[in-house]
K.L.:
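Can you read through this structure? Questions will come right after.
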Amino acid sequence: MTSHSVLHMSMSLDGYVAVPDDGPGMGLGVDGGVLHDWLGPSTAERPWFDPPGVSGQVFAELMTTGAVVVGRKTFEYAGQWDGDHHGVPIFVATRDAAVHDVRPPYVHVVDDDLATLKAWAKEAAGDADVLVHGADLARACLEAGVLDDLELAVVPVLLGGGRRLVDALGTRVALEQTRVLVAPAVTHLRYRVVR
């Protein structure tokens with residue numbers, strides 16, 4: 001099995017991955033949580049997600065990744081996942097490594113180029129895929145040619161504004177659709193980046 005770097009991202013039908021007022025502690029912005037409704041409810045008694053049907057299949061695949069690569073802004077907006085994203089190493093891509101003074105054991109702040117970052121994450125992941133988080137990082141990885149797959153959860157809502165996934169992409173990227181899974185509240189689309 002070959003390890004792939006896979007962007008997992010929920011987005012609106014009009015291409016937004018967050019509403020305009022996203023920020024620390026509110027990664028998707030006010031009312032942006034609609035993009036994650038397909039994951040099902042999370043409660044104090046059950047703080048994990050357990051979506052039914054094909055959405056459960058996609059979420060289970062996300063949870064079998066062996067490492068996470070995330071942009072600094074997404075990492076901070078997500079509350080640093082309290083230093084633990086399903087028990088695997090987290091590589092935070094940033095040009096300012098001094099940003100994070102306290103680093104939980106799973107977190108590695110990396111200011112190297114994206115190809116080196118991808119190689120380190122794939123080494124840490126072993127045979128498992130590497131999960132990529134963050135719109136800005138996704139665009140940079142696409143432009144650098146280091147993203148292998150996109151797994152998009154397209155939610156049937158038009159947000160009308162916010163942060164787009166591929167706004168101002170600096171290059172043309174050919175994609176091959178490899179899977180379509182339809183669920184009641186979301187359509188899961190998987191694409192392979194053609195090189």
Side-chain angles (χ1 to χ4, degrees), residues 1-18 27-28 35-36 38-39 49 51 53-75 78 81 85-93 106 108 110 112-156 163-183 185-195:
M1 178 178 162
T2 302
S3 175
H4 286 222
S5 56
V6 184
L7 171 72
H8 281 264
M9 186 72 74
S10 296
M11 63 187 274
S12 66
L13 191 58
D14 52 349
Y16 293 100
V17 297
L28 299 174
L35 295 174
H36 285 173
W38 66 271
L39 291 166
F49 297 111
V54 296
S55 291
Q57 172 190 336
V58 171
F59 186 70
E61 290 169 3
L62 181 151
M63 298 305 286
T64 61
T65 54
V68 175
V69 174
V70 62
R72 180 183 55 83
K73 182 169 34 176
T74 299
F75 185 62
W81 300 298
H85 194 299
H86 71 285
V88 302
I90 301 169
F91 294 87
V92 182
Y106 289 119
H108 310 277
V110 181
D112 285 305
D113 64 272
L114 292 174
T116 301
L117 177 62
K118 177 183 175 181
W120 286 350
K122 283 193 170 188
E123 181 179 339
D127 288 338
D129 285 341
V130 173
L131 171 62
V132 177
H133 270 313
D136 293 340
L137 180 63
R139 282 191 297 271
C141 287
L142 284 167
E143 289 174 347
V146 297
L147 187 64
D148 299 317
D149 295 275
L150 292 85
E151 178 72 46
L152 303 175
V154 181
V155 178
R163 182 184 318 279
R164 285 190 186 272
L165 175 58
V166 290
D167 210 16
L169 188 62
T171 187
R172 181 179 177 177
V173 177
L175 303 173
E176 175 188 353
Q177 189 174 65
T178 58
R179 179 172 74 181
V180 177
L181 299 172
V182 179
V186 63
T187 300
H188 299 282
L189 304 173
R190 182 141 182 155
Y191 297 94
R192 180 182 62 81
V193 175
V194 178
R195 291 194 170 74

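Since this is a predicted model, take the numbers as computed values, not measurements.
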K.L.:
Would you say H4's side chain and A128's backbone share a donor-acceptor pair under 3.5 angstrom?
P.N.:
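Such a contact is absent between H4 side chain and A128 backbone.
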K.L.:
For E61, is there any backbone N or O sitting under 3.5 Å from a side-chain donor or acceptor partner on T64?
P.N.:
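Flag set: sc T64 to bb E61 pair under 3.5 Å.
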K.L.:
Does H188 have any ring pair (Phe, Tyr, Trp, His ring centres under 6.0 Å) partners at least two apart in sequence or in another chain, and if so, which?
P.N.:
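W38.
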K.L.:
If I take atom NE2 from residue H133 and atom CG from residue D136, how far apart are they, to the nearest 0.5 angstrom?
P.N.:
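Interatomic distance, H133 NE2 to D136 CG, rounded to 0.5 Å: 14.5 Å.
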K.L.:
Donor-acceptor check, side chain of T187 to backbone of V182, threshold 3.5 angstrom: yes or no?
P.N.:
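No: the side chain of T187 does not pair with the backbone of V182.
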K.L.:
Just to verify, what does A60 make a side-chain contact (heavy atoms from CB on, under 4.5 Å) with, not counting sequence neighbours?
P.N.:
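A60 satisfies side-chain contact (heavy atoms from CB on, under 4.5 Å) with no residue once adjacent residues are dropped.
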K.L.:
Check step by step if side-chain hydrogen bond (donor to acceptor under 3.5 Å, both in side chains) holds for H8 and T65.
P.N.:
CA-CA 11 Å; H8 281 264; T65 54; over 6 Å; no
K.L.:
If we ignore hydrogens and angles and just use 3.5 Å, is the side chain of S5 paired with the main-chain N or O of V146 as donor and acceptor?
P.N.:
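Between the backbone of V146 and the side chain of S5 there is a qualifying donor-acceptor contact (under 3.5 Å).
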K.L.:
Looking at R195 and G145, would you say the former's side chain and the latter's main chain have a donor-acceptor pair under 3.5 Å?
P.N.:
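A pair under 3.5 Å: yes.
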K.L.:
As an exercise, state the distance from CG of L137 to CG of L117, rounded to the nearest 0.5 Å.
P.N.:
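The CG atom of L137 sits 7.0 Å away from the CG atom of L117.
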K.L.:
Would the number of heavy atoms belonging to other residues, nucleotides or ligands and lying under 6.0 Å from CD of E123 be above 12?
P.N.:
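No - once you tally the heavy atoms of other residues, nucleotides and ligands closer than 6.0 Å, there are 12 at most.
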K.L.:
Could you list the residues that satisfy side-chain contact (heavy atoms from CB on, under 4.5 Å) with R164, not counting sequence neighbours?
P.N.:
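So R164 forms a side-chain contact (heavy atoms from CB on, under 4.5 Å) with Y16, D167.
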